Engineer: 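Following this message is one structure expressed as structure tokens.
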Amino acid sequence: LAVTKRKRLTINTDGAAVPNPGPAGIGALLRWADGAIAAEISEYIGDSTNNKAEFLALIAALEKALELGADHVDLRIDSELLVRQIQGRYRSKLMNDLYEQAMSLLEEFKSYTVRHVPREQNKEADALSKRALRLR
């Protein structure tokens with residue numbers, strides 16, 4: 001059982017651009033099934049849009065999850081646009097390259113779930129993305 005717990009990650013991601021577009025940061029919090037923090041990502045990415053930052057946060061988190069050896073990821077994202085794209089309910093030509101990159105990373109896992117969460121349930125990832133902006 002302990003092995004399975006260390007194979008599943010819950011990932012909260014967020015991207016921030018202030019103003020939008022403008023200086024941007026990405027944030028992600030990766031947690032094992034037992035609640036232990038596996039990794040935090042807080043990175044300044046230069047000038048970007050909110051939507052691009054959201055995608056880049058997801059991509060960075062998925063790369064980190066693969067590095068950590070996760071088999072299953074449960075994504076918790078407060079961007080409805082991003083969630084709809086991952087679910088295949090919406091496609092943006094502007095974000096197609098980032099979409100393809102994210103989907104190809106998701107295919108590396110045995111399974112994944114994606115769920116839209118209210119901003120209040122994504123405070124840690126939000127704080128990490130904003131910290132990257134402050135510390136740039």
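Model, not experiment: these values are computed from the prediction. Basis for what follows: all heavy atoms, side chains included, without hydrogens, waters or symmetry-related copies.
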Engineer: With sequence neighbours excluded, tell me which residues meet side-chain hydrogen bond (donor to acceptor under 3.5 Å, both in side chains) with N51.
Structural biologist: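 Checked N51 against side-chain hydrogen bond (donor to acceptor under 3.5 Å, both in side chains); zero matches.
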Engineer: Can you give the donor-acceptor pairs under 3.5 Å from side chains of residues 129-136 to other protein atoms, not counting sequence neighbours?
Structural biologist:
{"unit_1": "S129", "atom_1": "OG", "unit_2": "D126", "atom_2": "O", "d": "2.8"}
{"unit_1": "K130", "atom_1": "NZ", "unit_2": "D126", "atom_2": "OD1", "d": "2.6"}
{"unit_1": "K130", "atom_1": "NZ", "unit_2": "D126", "atom_2": "OD2", "d": "3.2"}
{"unit_1": "R136", "atom_1": "NH1", "unit_2": "L133", "atom_2": "O", "d": "3.2"}

Engineer: So, applying side-chain contact (heavy atoms from CB on, under 4.5 Å) with L75, which one of T113, L106, N12 is it?
Structural biologist: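 Option passing the side-chain contact (heavy atoms from CB on, under 4.5 Å) with L75: L106.
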Engineer: With a sphere of 6.0 Å drawn around CG of D97, does it hold more than 12 non-hydrogen atoms of other residues, nucleotides or ligands?
Structural biologist: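 It does not: D97 CG has 12 such atoms or fewer within range.
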Engineer: Which residues satisfy the side-chain hydrogen bond (donor to acceptor under 3.5 Å, both in side chains) test with K64, sequence neighbours excluded?
Structural biologist: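 In terms of side-chain hydrogen bond (donor to acceptor under 3.5 Å, both in side chains), with neighbours along the sequence ignored, K64 is linked to E67.
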Engineer: Listed by chain and number, what are the salt bridge (charged side-chain N to carboxylate O under 4.0 Å, His left out) partners of K93, not counting sequence neighbours?
Structural biologist: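 Expected list: none.
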Engineer: CD of E124 to CD1 of I37: how many Å apart, nearest 0.5 Å?
Structural biologist: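 The CD atom of E124 sits 7.0 Å away from the CD1 atom of I37.
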Engineer: Check salt bridge (charged side-chain N to carboxylate O under 4.0 Å, His left out) between R76 and all other residues, then give those that pass, not counting sequence neighbours.
Structural biologist: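 Expected list: none.
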Engineer: Does any pair with a residue in residues 10-26 pass salt bridge (Lys or Arg N to Asp or Glu O under 4.0 Å), and if so which ones, sequence neighbours excluded?
Structural biologist: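 Found none.
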Engineer: Find the distance between CD1 (I86) and CG (L82) and round it off to the nearest 0.5 Å.
Structural biologist: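 That separation rounds to 4.0 Å.
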Engineer: Does A57 have any side chain to side chain contact (heavy atoms under 4.5 Å, CB included) partners at least two apart in sequence or in another chain, and if so, which?
Structural biologist: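 Listed in chain order: T13, I26.
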Engineer: How would you list, by chain and number, every residue that makes a salt bridge (charged side-chain N to carboxylate O under 4.0 Å, His left out) with E100, sequence neighbours excluded?
Structural biologist: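 Salt bridge (charged side-chain N to carboxylate O under 4.0 Å, His left out) check on E100 returns R91.
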Engineer: Who passes side-chain hydrogen bond (donor to acceptor under 3.5 Å, both in side chains) against E80, sequence neighbours left out?
Structural biologist: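 For E80, the residues satisfying side-chain hydrogen bond (donor to acceptor under 3.5 Å, both in side chains) (neighbours in sequence not counted) are R84.
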Engineer: So, using side chain to side chain contact (heavy atoms under 4.5 Å, CB included) as the criterion, who are the partners of A17 when residues are at least two apart?
Structural biologist: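 A17: side chain to side chain contact (heavy atoms under 4.5 Å, CB included) contacts with N20, A24, N50.
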Engineer: May I ask you to list the residues sharing a hydrophobic cluster with Y90, side-chain cutoff 4.5 Å, ordered by chain and number?
Structural biologist: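 Hydrophobic cluster check, Y90: joined to L81.
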Engineer: Output every pair passing salt bridge (Lys or Arg N to Asp or Glu O under 4.0 Å) with a member in residues 103-118, not counting sequence neighbours, ordered by first then second residue.
Structural biologist: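 Sorted pair list: D71-K110.
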